[in-house]
Amino acid sequence: MDYLSAARERLIRAQARVTVPPRVQTAGRYGFYLGALVFASAPYWLGGIYYPDIWTDMALWGTIGLGLNVVIGFAGLLDLGYMAFYAIGGYVFANAALYHGFSLWEAMPIGAVLSVVASAIIGFPTLRVRGDYLAIMTLGFGGIVYYAAQNMTSLTGGYNGLFGWKTQSILGHPFASPIDFYPLALGLTVVAALVTRALRGSRVGRAWSCIKDDEVAAGAAGIPIIRYKLYAYMVGAVWAGLAGAIFAVKQNIVSPETFTFNQSFFAVAVVIMGGMGSITGVILGGVLYVVIAEWMVTYTGTLSGVIFSSLLLLVVLLRPQGLIPFRPRPPRWLLRHYLEDPARGTAGVSQPDG
Amino acid sequence: MSLLRVSDLRVRYGAIQAVRGISFQVEEGECVTILGANGAGKSSTLRAVAGLHRPSGGSVTFGSQVVTGEPAHRIARSGISLVPEGRQVFGTLTIRENLELGGYVQSASANGEALERVLGIFPAFRQRLGALAGTLSGGEQQMLALGRALMTRPRLLMMDEPSLGLAPIVANQIFGILTEIVGSGIAVLLVEQNVHRALQVASRGYVLELGEVVLEGTAASLLADDHVRLAYLGHGMGEAE
Amino acid sequence: MSLQELLQQIANGLVVGSVYGLIALGYTMVYGIVRLINFAQGGLYEVGAYLGVFFFTLMGKFGLQYPIPAVLITLVISMTLTGALAFVVERVAYRPLRNAPLLAPLVSSLAMFFLLISVVQVVTGAEPLTYPSVLSPAPLHLGPIVLSPTSLIIFFAAILLMVGMQQFVRRTKVGKAMRATAANREAAALMGINTTRIVSLTFVLGGAMGAAAGILYGVNYGTVTYDMGEFGGLVAFTAAVMGGIGNVPGALVGGLTVGVLSSFASTFLPNQWNEAIVFAILILILAIRPQGILGERVAERA
Amino acid sequence: MSLRSCPRVLAALSAAAVVAAAAATVSLSATVAAASSPFVIGFANPLTGSEATYGVSDEHAVNMAASQINKAGGIDGHKVKIDACDTQATPAIGVACADSFVSDHVNAVVGFFNSSISIPASGILHKADIPMVSAASTNPTLTEQGFKNVFRVCGTDNYQGAVEADFAYKILKVRRVVALNDEETYGQGVASFFGQSFKKLGGKVVEDEGIDADATDFTSVLTQIKSISPSVQLIEFGGFNPAAGLLIKQARGLGITVPFISDDGVIGPLYYQTGGQSTVGTYLSSSPTPQNLAQGKDAIPAAKTFLQQYVKQFGQPTEYAGYSYEAVEVIANAAKTEHSIAANKVIAGLAATHNYRGTTGIVDFNSIGNNITPQYLIYKVQPGGGNKAYWNPNAKSKS
């Protein structure tokens, strides 16, 4: 067809050829765990304030990715307003801490519950509509939360945000320096990874997967589609709500511009680049996002938007299974067109002999 | 030389091989029918010839031109018209617009003449040119689709299941018009479930089973064939009479 | 609210709404033909507005200061360039994914949108750019209504473009081919219509309309910002849905309705809630009447 | 999850680690450099985004101050180094700048331009005991939080709002006004202090409303104002551009002809660019600009030198460039007088700054860290976009 299809085809063929012997697989698995351990403990041996801060961000973005992955990756719903739940988590904490004397520990579950309630309220009317309508509706919902954060001054501090709560502590251990937040954020990521992984293998997870593959068929098979979509939406919201509270404490301020459309876009990018549905992939997507964003801020400022969108575009076009290769087989629709249908892939060759 | 020569045509949808290397030809001015059960690969063959689906192998030659794998609009411009299964008229457009689009590739003046000619064949449309095609009945839509296909005076007209879902009386009308078309010298390739009717119009036929040609011959020889009688005409010759 | 204020608010809403309608045209046409929300439309609108500033200023430098010819030339050049950009968008972000599941082209058009506005941001350093003042700010009194001459011109230009587009789609051969492709792509191909080219053309026209909207907006408000495509795109989408997506006259109706609604909203609620109200309208419409005011019911997911 | 791809995951992971390490090296080198004894001044301003015009101009001024101090031998031998951070005029990013200053162990901070950022950021710097001198944040709250490390060389909104109210009531002799603000700390501050002072003088604020700073269409709110128009004699707006320019342009387009007054967040070329002819004849309150301080009978010699040097290198400075320059000088001066670059000493030195003569006149910090001397003038926009000093509250006569 064109250069792009040719490039994509080469990639897929190269990938299809790869077979790894089982022993190497096992070695690779342990190597991976070891590498993950070394990487996750990096803030402790690198020290300072900078690294723990960055690693905390990675963990938070990993959690965001995992939560949104339930919505996009498991259930196949494009959500463009996901950061609204992150905002809810943050503002709930700030209000609880500033005006009601709650601790982070107490405020986090409240934020999570309110995020879920919000997701149910917005999800109920939205989940009946087509995939792209849903995307737009969630975008609108994200916009409403953003403007509410800006305008409901009594609750949110308006444009200026909320700040100035007491230093939080858990079991007498104060959260003052970034290294104090890191284990908390990392712990949340691990819990999110384990829970969503368990969900993926469960009955609910299989229902999501059916809905994602073919909604009509899933409905015909007796799966209550709207209810399961709503579950995905609500489960996704929990993680953003929890991460939002930690982010607020770490950042010392909650203000609207952390929850813009751009942020929700980046969250989608994390899931797509990491590989929809893949748990490890999505965490790595979060890590990659923070690394690139940090690197971009240091060197090029606003270029990061250009880099991210180009990267996302390339991933969608060339590697729809995500940047990080967890599923060696490309999705079926691609295989169908480029491997099982030689005429399509090599149209230029088969034509002259007719 | 034959008008349409199809040799070793293969068509697949994903993992499913719908057509497994069939060959046939249609001569200038001839009516040929392709028979077979549901899923035998009849529609797939027509779609592949029309360019709606790229064949996975084999070749299609129209006149002196190899058209294998050409996009549908090119094939349409070369003089092959397909009346697709289920009519596929432009429901949100008027009858006039539907017909005019049938003559999309020709000049406005040629289109005007063609419109007159087609309205001569389907006089019922003359009064209702401004009506939306979506408001027509199934039979009328089939007529419109046929009229639309005739707008360019195609050299080969392909029809996919023209009588599907129509009352017998309407189907009879359609076949009447089809006979006229064949009489006017346009070659027709017909896919039809109603084998008896098809073999009345056609001079030759091919029988497809599981994507392969299992039988071919003149209409008379096929009508007389035991296999055809048993498999497609039911017990004996009852049904259409 | 006095009658005079009521009329004035309607007039204000119609002016803004006409620009939204113009952007909405791009969404609606593309949606009609490929059943895809082309998020990039908001980006094209923004790029068009910035190209407008550039050429407008450039013409000023070459001594062409008479407003009307300058606006016209700017419109033509920027619409052409943005149309070309829309062509590229279709080639890169849509065509390779034609057979992919819905999510893929949706994400790619979203990425394209973000790419466009990020590039604008990088090139301009995110500073708002200003359009040279075209006409005197002296207000015109039309009975009880007061409007600036610019906003009056904007309104009529936008309506003219939309009616022109509507006539193009209704009357011309290419327009009919577009409608045929929208109605049934395969059947259109069987008529000898090069549907791939029609899809390209639809993107191009949509992009050009977006650019026109961007320039008219810039001329009216005098300022363009790197994030105008975000809100503008979403409001226009609301307009497109309201008018019934896929429906060309619907875009105009939807645009004007959204404009007037948001104009009224800010008289009853504090002004800064304006955007939130537009979003709420969007969600309400999609939840209650996704086929819009004029639209027929959109077929469930293809 | 498939196992066979694990080795490649590791590769991806290590690739990520390499990138992270690369990013880290840069920040590390910055930290190492800081440790080798320069006097690091963190500088946080909007360097990109809609307020970048001001931020970049201030950055030039700060760099200019640093290089001049270094040319003269630094602070007791310590070279001044500027650690710039872009706040993008958004609180969360600005607060992250404060965090980075803490982790970089800067000696002092000049910033953060927007009051909405300076206030939360000052809390972080307060916890870390880092001196902070604001050159442009005029919200009174900043210095009223009781943080010993916080100082400001520019004026405050209550004073600015009071000057506007004075001018409106006494000079324009209006009695009924509308006060609008952009819902941000700064704009709200000016508008509400304007309203308070105006009421105190005996005037009436008939409407008091927030508008969205990012919006471009204000015709709705203006139409509302117009419907009560006969009784409204003046519109006041607290906020920034382009909102101010668009507001006045659309007001004139709707036939609203009453006087318009805004603040020093608005003064500058962008106001005329967005508002065009409509801005001519409107009033802006502002601290004296560098250009203004360097002109006329009362011209300040240091301001003259600053302006000459700045213009030579960068063109015309904006409103707060002089104050930003001044902030660096005041910090350096504090460290010199205390003979120490230790944070607590610099804070002590700043607190003891009285009658320091700099580019903006005299700097004299009071007990909460406000500079007690700066003044505000009322400017009137001229055809072509220039601003002419129109009224000086201290002179009590047209200048």
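Residue numbering restarts at 1 for every chain, and letters A, B, ... go by the order of the sequence lines. Below, each value reflects all heavy atoms present in this structure, side chains not excepted, and no hydrogens, waters or symmetry copies. The structure presented is a predicted model; accordingly, all values stated were derived computationally and were not measured.
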Counting heavy-atom pairs under 4.5 Å with chain C, the top scorer among Val105(B), Val89(B), Leu93(B) is Leu93(B)
Leu190(C) and Ala50(B) have their tightest heavy-atom pair at CD2-CB, 4.0 Å
- Taking everything shown except Arg117(B) itself, do over 12 heavy atoms lie less than 6.0 Å from its CZ? yes
Note: Ala183(C) and Phe90(B) closest approach over all heavy atoms is CB-CD2, 4.0 Å
Applying a strict 4.5 Å limit to non-hydrogen atoms, the region of Ala182(C) in contact with chain B is neither
Could you go step by step and tell me if Arg179(C) and Glu97(B) meet the salt bridge (charged side-chain N to carboxylate O under 4.0 Å, His left out) rule? CA-CA 10 Å; Arg179(C) 281 158 60 213; Glu97(B) 284 168 338; 2.8 Å; yes
So CD of Glu186(C) and CD of Gln88(B): to nearest 0.5 Å the spacing works out to 7.0 Å
Honestly, the part of Arg47(B) sitting under 4.5 Å from a heavy atom of chain C is side chain
Residue pairs meeting side chain to side chain donor-acceptor pair (under 3.5 Å), one or both in residues 127-138 of chain B, sequence neighbours left out, come to Arg128(B)-Glu140(B), Ser137(B)-Glu140(B)
Rounding to 0.5 Å, atoms CG (Asn194(C)) and OH (Tyr104(B)) come to a distance of 8.0 Å
Residues 72-83 of chain B vs chain C, non-hydrogen distance cutoff under 4.5 Å, contacting residues -> Ala72(B), His73(B), Ala76(B), Arg77(B), Leu82(B)
